[in-house]
Peer 1: 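Quick one: this structure, given as structure tokens, is what I'll be asking you about.
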Amino acid sequence: QVQLVESGGGLVQAGGYLRLSCAASGRTFSNYVVGWFRQAPGKEREFVAAISWRDGSTYLANSMKDRFTISRDNAKNTANLQMNSLKPDDTAVYYCAASIAIRRIGNVEEYEHWGQGTQVTVSS
């Protein structure tokens, strides 16, 4: 069983940055796709970014490609989301998710394991 723990959320002013990390316990991320999703109050959970541990391929939602990057740290077994130039609209709970078999990277339903989420609040 993979347990995911997110960290790095917090309160930041517009234009600032945050770096979220997703750590796995129970096993390594090898052969997994690890994704980041976010959910704002009253909105559906949306795809942010993902990384394939097998080959390091990265995927980013089009609306965030110019501000967010996703990376991995093999030694620490963490997936990291660097978020720059943050806007108030980025305020949400950010979730880490992982699964082995993914056909559509951005599909919430295909991710098997989820973390509890970390709050990101961007003030104007």
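In this text, all values refer to a predicted model and were calculated from it rather than measured experimentally.
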Peer 1: Within the supplied structure, the quantity of interest is the number of heavy atoms (other residues, nucleotides, ligands) at a distance under 6.0 Å from Gln116 CD; does it exceed 12?
Peer 2: no

Peer 1: Do Val93 and Thr118 have side chains that approach each other closer than 4.5 Å (heavy atoms only, starting at C-beta)?
Peer 2: no

Peer 1: Would you say Leu4 and Val2 make side-chain contact, with heavy atoms under 4.5 Å?
Peer 2: yes

Peer 1: What heavy-atom pair brings Val33 and Ala50 nearest, and what distance separates the two atoms?
Peer 2: CG1-CB, 4.2 Å

Peer 1: Hydrophobic cluster membership, with links at side-chain heavy-atom distances under 4.5 Å among I/L/V/M/F/W/Y: are Leu81 and Leu86 in one?
Peer 2: yes

Peer 1: Just verifying a value: how many Å separate Thr78 OG1 and Arg72 CZ, rounded to the nearest 0.5 Å?
Peer 2: 11.0 Å

Peer 1: Measure the OG-NZ distance between Ser63 and Lys65 for me, rounded to the nearest 0.5 Å.
Peer 2: 10.0 Å

Peer 1: Does Ile51 reach the side chain of Tyr59, with side-chain heavy atoms less than 4.5 Å apart?
Peer 2: no

Peer 1: Side chain to side chain contact (heavy atoms under 4.5 Å, CB included) for Glu6 and Trp114? Distances and angles first, verdict last.
Peer 2: CA-CA 10 Å; Glu6 304 95 337; Trp114 288 85; over 6 Å; no

Peer 1: Return the OG1 to CE distance between Thr69 and Met83, rounded to the nearest 0.5 Å.
Peer 2: 10.0 Å

Peer 1: Would the distance check show the side chain of Ser57 and the main-chain N or O of Ser52 forming a donor-acceptor pair, the cut-off being under 3.5 Å?
Peer 2: no

Peer 1: Quick one: does Val34's side chain get under 4.5 Å of Cys96's, heavy atoms only?
Peer 2: yes

Peer 1: Any side-chain to backbone donor/acceptor pair from Tyr17 onto Val12? Under 3.5 Å, distance only.
Peer 2: no

Peer 1: Using the side-chain hydrogen bond (donor to acceptor under 3.5 Å, both in side chains) rule, collect all pairs that involve residues 92-102, keeping only residues at least two apart or in two chains.
Peer 2: Arg38-Tyr94

Peer 1: Flag yes if Val108 and Tyr32 sit in one hydrophobic cluster, no otherwise; membership is Ile, Leu, Val, Met, Phe, Trp, Tyr, and two members link when side-chain heavy atoms are under 4.5 Å apart.
Peer 2: no

Peer 1: Does any donor atom in the side chain of Thr28 or Asn77 lie under 3.5 Å from an acceptor atom in the other side chain?
Peer 2: no

Peer 1: Supply the atom-to-atom distance Ser123 OG to Gln13 CD, rounded to the nearest 0.5 angstrom.
Peer 2: 5.0 Å

Peer 1: Any link between Ile70 and Ile102 through a network of hydrophobic side chains (Ile, Leu, Val, Met, Phe, Trp, Tyr) touching at under 4.5 Å?
Peer 2: no

Peer 1: Rounded at 0.5 Å granularity, tell me how far OG in Ser7 sits from CZ in Arg19.
Peer 2: 10.0 Å

Peer 1: Would you give the length of the straight line joining atom OG1 of Thr121 to atom CG of Leu11, rounded to the nearest 0.5 angstrom?
Peer 2: 6.0 Å

Peer 1: Mind listing the closest non-hydrogen atom pair of Gly9 and Leu20 along with its distance?
Peer 2: N-CD2, 3.5 Å

Peer 1: Tell me whether the rings of Tyr111 and Phe37 are parallel (<30°), tilted (30 to 60°) or perpendicular (>60°).
Peer 2: perpendicular

Peer 1: Same hydrophobic cluster for Val48 and Ile105, using side-chain heavy-atom links shorter than 4.5 Å among ILVMFWY?
Peer 2: no

Peer 1: Does the side chain of Gln82 pick up a donor-acceptor pair with the side chain of Asn84 at under 3.5 Å?
Peer 2: yes

Peer 1: Taking Gln3 for its side chain and Ala24 for its backbone only, find out whether a donor-acceptor pair lies under 3.5 Å.
Peer 2: no

Peer 1: At their closest point, which heavy atom of Arg104 faces which heavy atom of Glu110, and how far apart are they?
Peer 2: N-OE2, 3.3 Å

Peer 1: Grab the two heavy atoms, one from Ala14 and one from Ser124, that are nearest each other, plus how far apart they are.
Peer 2: CB-CA, 4.4 Å

Peer 1: Determine the minimum heavy-atom distance between Asp90 and Val122, stating which atoms define it.
Peer 2: CB-CG2, 4.2 Å

Peer 1: With a 4.5 Å heavy-atom cut-off, do Leu60 and Trp36 have their side chains touching?
Peer 2: no

Peer 1: Run Trp53 and Phe29 through ring-ring contact (aromatic ring centres under 6.0 Å, His included) and show every step you take.
Peer 2: CA-CA 6 Å; Trp53 229 258; Phe29 276 138; 4.8 Å; yes

